[in-house]
A.B. asks: 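Quick one: the structure is below, questions incoming.
Worth knowing before you read on, the calculation uses all heavy atoms, side chains too, and leaves out hydrogens, waters and symmetry mates.
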Amino acid sequence: MKTGIRWLLRIVLLLVALATAGTFIPRPLIAPVEASPAAATHRILLLSGPIHTDIAIPLDEETRAAFSFLDDPGFPLDHPNAEWLVVGWGGRAFYLETPTWADLKPLPVLRALTIDRSVLHVDLAGHITEPQSAVTAFDINDEQLARLRRFISDSFVREASEVKLISNAGYGEIDRFFEARGYFNALFGCNTWTAAALRSAGLRTGLWNPLPQSLRLSAGVYN
């Protein structure tokens, strides 16, 4: 019994040490230098919850064109009040079956702690107030935003060039879930995907950011 507790404590301490190192060791290690840096004219948002992060990108003409495959009467990209496209990646069972903490169930938690297929959650948002603790903003240029759009678009699973909508899944009236590329687990989950998305836009994150707090802190320090 005591041996098992000691091993458990060692594992916990190891994970804490790795998470700390992952926060304060930047990725990439050296900040990239652009040959001809362009003006940062676009604002993107990192939206943080207790265990999950989303990315919000501005719904300009280029974004609407890049994600035209999402547009339909139930998901109106051109709605006059829609200012942001909000995207998150996560484990299928937990994401689909836990819209609120009151819906928490053992099986989705178990799948999240082991391995699960992944999904993308997309939503539209109007005005997002800044500043607030759950919102971290970054200013990026045209090319950086284009790379971020491509990263997000490439995360969708496609068959015959069509993305795969998950029917009858969503938290509200217009949000949607889609099949996503990659597999989810507790060590490399939703927040490490968000970190990779930010890096695709030329931003720096920590080496390993499994938690929103770690990602928010490292992104704030290195950008």
Side-chain angles (χ1 to χ4, degrees), residues 38-49 52-92 95-96 98-100 117-132 134-182 184 190-191 193-203 212 215 219:
T41 56
H42 303 285
R43 199 167 186 82
I44 64 170
L45 305 177
L46 171 65
L47 308 179
S48 305
H52 178 78
T53 51
D54 291 311
I55 289 181
I57 60 176
L59 267 175
D60 54 22
E61 290 185 11
E62 289 79 8
T63 296
R64 289 186 171 91
F67 293 93
S68 60
F69 56 86
L70 298 175
D71 190 37
D72 66 36
F75 195 82
L77 285 176
D78 59 351
H79 193 285
N81 294 331
E83 297 182 22
W84 301 94
L85 178 67
V86 182
V87 185
W89 182 95
R92 182 186 180 95
Y95 219 163
L96 293 180
T98 317
T100 69
R117 294 164 59 191
S118 62
V119 296
L120 282 163
H121 181 242
V122 298
D123 203 352
L124 299 174
H127 178 70
I128 297 177
T129 301
E130 297 180 59
Q132 58 174 300
V135 178
T136 306
F138 304 96
D139 294 321
I140 60 177
N141 62 38
D142 290 345
E143 176 56 30
Q144 290 171 318
L145 181 56
R147 294 201 302 265
L148 177 57
R149 292 192 198 102
R150 286 195 296 271
F151 178 93
I152 295 172
S153 180
D154 289 345
S155 295
F156 287 85
V157 166
R158 286 177 167 82
E159 284 187 357
S161 300
E162 297 291 329
V163 294
K164 298 182 66 177
L165 174 70
I166 301 173
S167 301
N168 303 315
Y171 297 160
E173 294 183 1
I174 64 170
D175 65 308
R176 304 288 177 85
F177 280 98
F178 295 85
E179 302 286 359
R181 297 176 62 184
F184 176 96
C190 53
N191 302 304
W193 178 89
T194 305
L198 293 176
R199 290 193 298 272
S200 76
L203 301 171
L215 177 55

A.B. asks: Heavy atoms only: give me the nearest I128-A125 pair and the separation to one decimal.
C.D. replies: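 The answer is CD1-CB, 4.2 Å.
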
A.B. asks: What pairs with E130 under side chain to side chain donor-acceptor pair (under 3.5 Å), at least two apart in sequence or on another chain?
C.D. replies: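 Here the qualifying residues are R43.
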
A.B. asks: Counting only heavy atoms not in D154, do more than 12 sit closer than 6.0 Å to its CG atom?
C.D. replies: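 Yes - once you tally the heavy atoms of other residues, nucleotides and ligands closer than 6.0 Å, there are more than 12.
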
A.B. asks: Tell me every residue that passes side chain to side chain contact (heavy atoms under 4.5 Å, CB included) with T129, counting only those two or more places apart in sequence or in another chain.
C.D. replies: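 If we apply the side chain to side chain contact (heavy atoms under 4.5 Å, CB included) test to T129, skipping adjacent residues, the hits are H127, Q132.
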
A.B. asks: Please enumerate all residues that pass salt bridge (Lys or Arg N to Asp or Glu O under 4.0 Å) together with E173, with sequence neighbours excluded.
C.D. replies: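 So E173 forms no salt bridge (Lys or Arg N to Asp or Glu O under 4.0 Å) with any residue.
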
A.B. asks: Taking the side chain as everything from C-beta on, heavy atoms only, tell me whether I44 gets closer than 4.5 Å to L198.
C.D. replies: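 Answer yes - side chains close enough.
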
A.B. asks: Residues two or more places apart in sequence or in another chain: which of them pass side chain to side chain donor-acceptor pair (under 3.5 Å) with R149?
C.D. replies: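 Testing R149 for side chain to side chain donor-acceptor pair (under 3.5 Å), a comparison that skips the adjacent residues, returns D60, T63.
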
A.B. asks: Check salt bridge (Lys or Arg N to Asp or Glu O under 4.0 Å) between R117 and all other residues, then give those that pass, not counting sequence neighbours.
C.D. replies: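 Here the qualifying residues are E179.
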
A.B. asks: How many angstroms lie between atom NZ of K164 and atom CG of L120, to the nearest 0.5 angstrom?
C.D. replies: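 Between atom NZ of K164 and atom CG of L120 there are 13.0 Å.
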
A.B. asks: Quick one: pull up CG in D123 and CG in D54 and give me the separation to the nearest 0.5 Å.
C.D. replies: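 Here the interatomic distance stands at 8.5 Å.
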
A.B. asks: Could you state the interatomic distance from CG (L47) to NE2 (H52), rounded to the nearest 0.5 Å?
C.D. replies: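 The NE2 atom of H52 is 9.0 Å from CG of L47, to the nearest 0.5 Å.
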
A.B. asks: Please tabulate, for side-chain N and O atoms in residues 81-91, each donor-acceptor pair with protein atoms closer than 3.5 Å (sequence neighbours left out).
C.D. replies:
unit_1: W89; atom_1: NE1; unit_2: S118; atom_2: OG; d: 3.4
unit_1: W89; atom_1: NE1; unit_2: R181; atom_2: O; d: 3.1

A.B. asks: Are R176 and L70 side-chain neighbours, meaning at least one heavy-atom pair lies under 4.5 Å?
C.D. replies: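 Side-chain contact under 4.5 Å: no.
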
A.B. asks: Do side-chain atoms of T194 reach the backbone of C190 as a donor and acceptor pair under 3.5 angstrom?
C.D. replies: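 Yes; at least one donor-acceptor contact below 3.5 Å.
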
A.B. asks: Go through the structure and list residues passing side chain to side chain donor-acceptor pair (under 3.5 Å) with S200, not counting sequence neighbours.
C.D. replies: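 Partners of S200 under the side chain to side chain donor-acceptor pair (under 3.5 Å) test: none.
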
A.B. asks: Search all heavy atoms of F156 against all heavy atoms of V163 and return the closest pair with its distance.
C.D. replies: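 Closest heavy-atom pair between F156 and V163: CB-CG1, 3.7 Å.
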
A.B. asks: Just wondering, do L46 and T53 contact through their side chains at under 4.5 Å, heavy atoms?
C.D. replies: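 Heavy-atom side-chain distance check passes, below 4.5 Å.
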
A.B. asks: Examine the side chains of H42 and D142 and answer whether a donor and an acceptor come within less than 3.5 Å of each other.
C.D. replies: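 Present: a donor and an acceptor within the cut-off.
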
A.B. asks: Indicate yes or no for a side-chain donor-acceptor contact from Q144 to the backbone of N141 under 3.5 Å, with no hydrogens or angles considered.
C.D. replies: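 Yes, because the side chain of Q144 sits within donor-acceptor range (under 3.5 Å) of the backbone of N141.
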
A.B. asks: So, using ring pair (Phe, Tyr, Trp, His ring centres under 6.0 Å) as the criterion, who are the partners of F151 when residues are at least two apart?
C.D. replies: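 Ring pair (Phe, Tyr, Trp, His ring centres under 6.0 Å) list for F151, sorted by chain: W193.
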
A.B. asks: Just how far is it from atom CZ of R147 to atom CG of L203, taken to the nearest 0.5 Å?
C.D. replies: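 Going from the CZ atom of R147 to the CG atom of L203 covers 9.0 Å.
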
A.B. asks: Mind checking side chain to side chain contact (heavy atoms under 4.5 Å, CB included) for S161 and listing every partner two or more places apart, or none if nothing turns up?
C.D. replies: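 By the side chain to side chain contact (heavy atoms under 4.5 Å, CB included) rule, S161 matches no residue at all.
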
A.B. asks: Check whether R92 reaches the backbone of V119 with its side chain - one donor and one acceptor, N or O, closer than 3.5 Å.
C.D. replies: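 Answer holds: no.
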
A.B. asks: If the condition is ring pair (Phe, Tyr, Trp, His ring centres under 6.0 Å), which residues does F177 pass it with, not counting sequence neighbours?
C.D. replies: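 Per chain and number, F177 pairs via ring pair (Phe, Tyr, Trp, His ring centres under 6.0 Å) with Y95, H121, Y171.
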
A.B. asks: If you define the side chain from C-beta out and look only at heavy atoms, does anything of L124 sit under 4.5 Å from F75?
C.D. replies: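 Yes, at least one pair of side-chain atoms sits under 4.5 Å.
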
A.B. asks: P212 and N191: which non-hydrogen atoms are nearest, and at how many Å?
C.D. replies: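 Nearest heavy atoms, P212 then N191: CD-ND2, 3.4 Å.
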
A.B. asks: Which residues satisfy the side chain to side chain donor-acceptor pair (under 3.5 Å) test with R150, sequence neighbours excluded?
C.D. replies: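 Result, side chain to side chain donor-acceptor pair (under 3.5 Å) vs R150: E143.
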
A.B. asks: Checking D71 now: which residues fulfil salt bridge (Lys or Arg N to Asp or Glu O under 4.0 Å) with it, not counting sequence neighbours?
C.D. replies: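 Not a single residue meets the salt bridge (Lys or Arg N to Asp or Glu O under 4.0 Å) criterion with D71.
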
